[in-house]
Engineer: 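Quick one: the structure is below, questions incoming.
Note that the structure is predicted; figures quoted are calculated from it, not measured. All values below come from the heavy atoms of this structure, side chains included, with hydrogens, waters and symmetry mates left out.
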Amino acid sequence: MSHKPGDNRRAERLRCHFAGFLYSGDEVVEVRFVDISRTGICISLKDWIGAKPGSAVRLRTNELGFIEGTIRWYRAGKMGIKLTETTNTTAQINSYFKHYHKQIAANSPSAPPQRVLMANGRR
């Protein structure tokens with residue numbers, strides 16, 4: 001895992017570029033996902049929203065469906081969200097990594113062991 005100096009993240013983040021919506025209370029704002037990990041995401045907001053760090057939010061995208069999280073930080077039009085460890089959010093994130101970031105999914109602690117095909121065709 002490569003991190004910048006002073007970066008406290010435990011999970012590797014991968015760049016991504018897809019659109020979605022952030023729901024906080026009765027507010028909805030269009031967002032663009034900047035990066036993603038198994039434990040959190042960074043999004044760029046198209047408009048200002050009154051949510052504060054510690055607020056629970058929901059996000060919806062075509063790639064992930066609905067996921068839930070808690071705002072960790074919000075500044076300069078970007079927001080860091082720690083994903084809530086519900087069965088739905090975990091399943092959606094695992095599915096995303098399986099279909100869009102296959103290398104990371106294969107290295108996941110919950111991934112089944114890889115079967116290696118030997119040069120002679122045996123496993």
Engineer: The criterion is side chain to side chain donor-acceptor pair (under 3.5 Å); which residues satisfy it with Arg60, sequence neighbours excluded?
Structural biologist: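 Side chain to side chain donor-acceptor pair (under 3.5 Å) check on Arg60 returns Tyr23.
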Engineer: Is any side-chain heavy atom of Ile71 closer than 4.5 Å to a side-chain heavy atom of Met79?
Structural biologist: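 Side-chain contact under 4.5 Å: yes.
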Engineer: For Ala19 and Glu63, which heavy atoms make the closest approach, and how far apart are they?
Structural biologist: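 So the minimum-distance heavy-atom pair works out to O-OE1, 4.2 Å.
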Engineer: Please confirm whether Arg38 makes a cation-pi placement over Phe97, using NZ or CZ under 6.0 Å from the six-membered ring centre and within 45° of the ring normal.
Structural biologist: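 Cation-pi check for Arg38 and Phe97: passes.
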Engineer: Using the ring of each side chain (for Trp, its six-membered ring), is Phe18 parallel, tilted or perpendicular to Phe33, with breaks at 30° and 60°?
Structural biologist: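 The arrangement is parallel - the two ring planes meet at less than 30°.
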Engineer: Is the closest side-chain heavy-atom distance between Phe21 and Leu59 below 4.5 Å?
Structural biologist: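 When only atoms from C-beta onward are counted, Leu59 and Phe21 do not touch, as no gap falls below 4.5 Å.
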Engineer: Strictly distance-based, threshold 3.5 Å: is any side-chain N or O of Glu27 a donor or acceptor partner for the main-chain N or O of Gly50?
Structural biologist: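 A pair under 3.5 Å: yes.
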Engineer: So, taking the atom named CD1 in Ile36 and the one named SG in Cys16, what distance separates them when rounded to the nearest 0.5 Å?
Structural biologist: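 The CD1 atom of Ile36 sits 5.5 Å away from the SG atom of Cys16.
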Engineer: Can you tell if the side chain of Lys78 reaches within under 4.5 Å of the side chain of Trp73, non-hydrogen atoms only?
Structural biologist: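 Result yes, sub-4.5 Å side-chain heavy-atom pair found.
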Engineer: With rounding to the nearest 0.5 angstrom, report the OG to NE2 distance, Ser44 to His17.
Structural biologist: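 Here the interatomic distance stands at 11.0 Å.
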Engineer: Any chance you could measure Ser37, atom OG, to Lys82, atom NZ, to the nearest 0.5 Å?
Structural biologist: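 That separation rounds to 10.5 Å.
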Engineer: With a 4.5 Å heavy-atom cut-off, do Thr70 and Ile81 have their side chains touching?
Structural biologist: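 Thr70 vs Ile81: side chains apart.
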Engineer: Val28, Trp48: one ILVMFWY side-chain cluster at the under-4.5 Å cut-off?
Structural biologist: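 Each belongs to a different hydrophobic cluster.
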Engineer: Let me confirm one number: the CD-OG1 distance from Glu68 to Thr84, rounded to the nearest 0.5 Å.
Structural biologist: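 One finds 5.5 Å between CD of Glu68 and OG1 of Thr84.
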Engineer: Examine distances only and state if a side-chain atom of Gln92 and a backbone atom of Leu64 form a donor-acceptor pair shorter than 3.5 Å.
Structural biologist: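 The answer is yes, because a donor-acceptor pair under 3.5 Å joins these two groups.
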Engineer: Please list, chain by chain and in numerical order, all residues satisfying side chain to side chain donor-acceptor pair (under 3.5 Å) with Thr89, sequence neighbours excluded.
Structural biologist: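 Partners of Thr89 by the side chain to side chain donor-acceptor pair (under 3.5 Å) criterion, ordered by chain and then number, come out as Thr86.
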Engineer: Any non-hydrogen side-chain atom of Leu45 less than 4.5 Å from a side-chain atom of Val29?
Structural biologist: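 Answer yes - side chains close enough.
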Engineer: Can you name the closest pair of heavy atoms from Ser24 and Ala56 and give their distance?
Structural biologist: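 Nearest pair, atom of Ser24 first, then Ala56: OG-O, 4.4 Å.
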Engineer: Out of curiosity, does Leu14 fall in the hydrophobic cluster containing Leu83 (side-chain heavy atoms, cut-off under 4.5 Å, transitive links)?
Structural biologist: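 Linked within one cluster.
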Engineer: Rounded at 0.5 Å granularity, tell me how far CG in Leu22 sits from NZ in Lys46.
Structural biologist: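 Interatomic distance, Leu22 CG to Lys46 NZ, rounded to 0.5 Å: 13.5 Å.
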Engineer: Should side-chain heavy atoms under 4.5 Å link Ile, Leu, Val, Met, Phe, Trp and Tyr, which residues sit in the same cluster as Val34?
Structural biologist: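 Traced through the cluster, Val34 reaches no other member.
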